[in-house]
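Heavy atoms only: backbone and side chains are in, while hydrogens, waters and symmetry mates are out. One-based numbering, in listed order, for ligands and for the atoms of each.
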Amino acid sequence: MAKLPEGFLWGGATAANQFEGGFAEGGKGVNSSDCTTRGSRTKPRMVTFKTKDGEVKAVPMFGMNVEEDVEYGVFEGYDYPSHQGIDFYHHYKEDIALFGEMGFKTFRLSINWARIFPTGMEETPNENGLKFYDDVFDELHKYNIEPLVTLSHYETPIGLSNTWESWVDARTIPCFERYVRTVGERYKGKCRYWLTFNEINIAAMSPWMSSGVGRNNPQVVADISKHQLIASAKAVLILHEIDPNNKVGNMVAYGANYPYTCNPADVLASKQRMHSYHFYEDVQARGYYPSYKLKEYEREGVEFSLTDEEKETLLKGTVDFLSISYYMSSVSSTDPEILKQVAEGNMGLGGLKNPYLKASDWGWAIDPTGLRIAINELWERYQKPVYIVENSLGTQDKLEEDKTCHDQAHIDYLRSHIEAMADAINIDGCEVMGYTPWGCIDLVSASTGEMHKRYGFIYVDYQDDGTGDGARYRKDSFYWWKKVIATNGEDLSNL
Ligand code: BGP
């Protein structure tokens, strides 16, 4: 196994709404994920709100399209998993010590925007919230762990959703700028690596999850995307102005896509499918809207324009690196018979079932070669460093009587993907900055809201039925990951 570049950023990734807890502590406001219930593989997560007549309702998060004027919020009788997360809020010292023990070089977390600006619209920040992250970042530095901070990871303050439909409205941009300037200045010197919007392309699939917006149609998605792309460019400019050492990246949910056959129509369909990923990267890395997207807006009757000032912002605020989450690949076809075989699961990302690949228990196609293809595509297209900030396998782990956990499936998945990434670096010559497996400590699933789908090197004893004391236990993969980091990826063998 070839060694990876010197200074390679190994670590792990999380998001506030999925692990932080401390829901009503330290003056934090409510965010979009806080209003989303626990689901399972077969039961959808629901979003709760009150209608104008005062009736409390819940609708499935995926596919929601709430046209009426409602007030999103938290109501009695519903189970909201973000409120507890895994209670990192009270366990951060213990958790960071465990990350330190594994030798993490970096740790990805998001700042919970509503902890800093409770409704998103305040003029002055909440000092208690700022202090919490000061303590977290100081603790990380004790172990020489570099924070990698996501500014917006499925955590839109609900005040913005209820006041002007959050990212549908351009007034959210200055609120975001204020937030970015506040945290950029406060954590100057403590945080150097930043990501703007987590999986910015998920807006097309779930405007609620990505942006706290309850409606979904092409115009809504175009408006959200425009405002977030401008806000992302402004964040790059602000963070560079505050500290020229800051490195700011974008983040896209990425996956290789294959034509089902060599029929040129399938090949074209596959290329067109890739536009859903490349659109955001094209704007964030090149600084302007690609022609295929403008033509699509014309065809769909979407109203779209940019002022000269907005164009200049996009052009100047391009990112320093590209980051992706990578879990699976997908398949495209134009054959109506084949199109009936839509793969189960895959969060809508997977499309058709690939007969050459096995899938996870949640139906996500396992494809390490797809990661090598993805890295190559990004490097060839943009010539900017690529950062794999999410990758791993959700599994149903069992804690044994003696408190061990034999999660060989995580080890196998990660090994095969690290080998593919190393080939992209050592054989293909791509530049990759680092690799932070998702959910390095067990946390709440974004798509299903369950604890039961576990990714971690560390088992956390919280269960979906509300039992568990939150105790942390090292899984087999904990010791394996420690060895991988210590050898800079050279030793990927089993323990
Ligand atoms: C990505 C999100 C993460 C994370 C991951 C795994 O889409 O950025 O927040 O949750 O997917 O997905 P899930 O939690 O649904 O298994």
Would you find a donor on one side and an acceptor on the other, under 3.5 Å apart, between the side chain of Ser32 and the backbone of Thr156? yes
Counting heavy atoms only, which of Glu450, Arg454, Glu390 comes nearest to atom 11 (O) of ligand 1? Glu390
Shortest non-hydrogen pair, His410 vs Ser392, comes out as CD2-OG, 4.2 Å
N-O pairing of Asp412 and Arg415 below 4.0 Å: yes
Min N/O separation Met251 to ligand 1 under 3.5 Å: no
Would you say Tyr327 touches ligand 1, if touching means a heavy atom closer than 4.0 Å? yes
Heavy-atom distances under 4.0 Å decide this one: backbone, side chain, both or neither, for Ser325 against ligand 1? neither
Set of residues satisfying side-chain hydrogen bond (donor to acceptor under 3.5 Å, both in side chains) with respect to Ser33, sequence neighbours excluded: Asn17
At a non-hydrogen distance cut-off of under 4.0 Å, which region of Asn198 contacts ligand 1 (side chain, backbone, both, or neither)? side chain
Is there a nitrogen or oxygen of Glu199 sitting under 3.5 Å from a nitrogen or oxygen of ligand 1? yes
Among Asn126, Asn112, Asp34, whose side-chain hydrogen bond (donor to acceptor under 3.5 Å, both in side chains) with Lys28 holds? Asp34
Is Lys453 close enough and on-axis enough to Trp364, meaning under 6.0 Å and within 45°, for cation-pi? yes
Per-residue contact class, Ser445 against ligand 1 - non-hydrogen pairs under 4.0 Å: both
Which of the numbered atoms in ligand 1 are under 4.0 angstrom from any heavy atom belonging to Lys453? 13 (P), 15 (O), 16 (O)
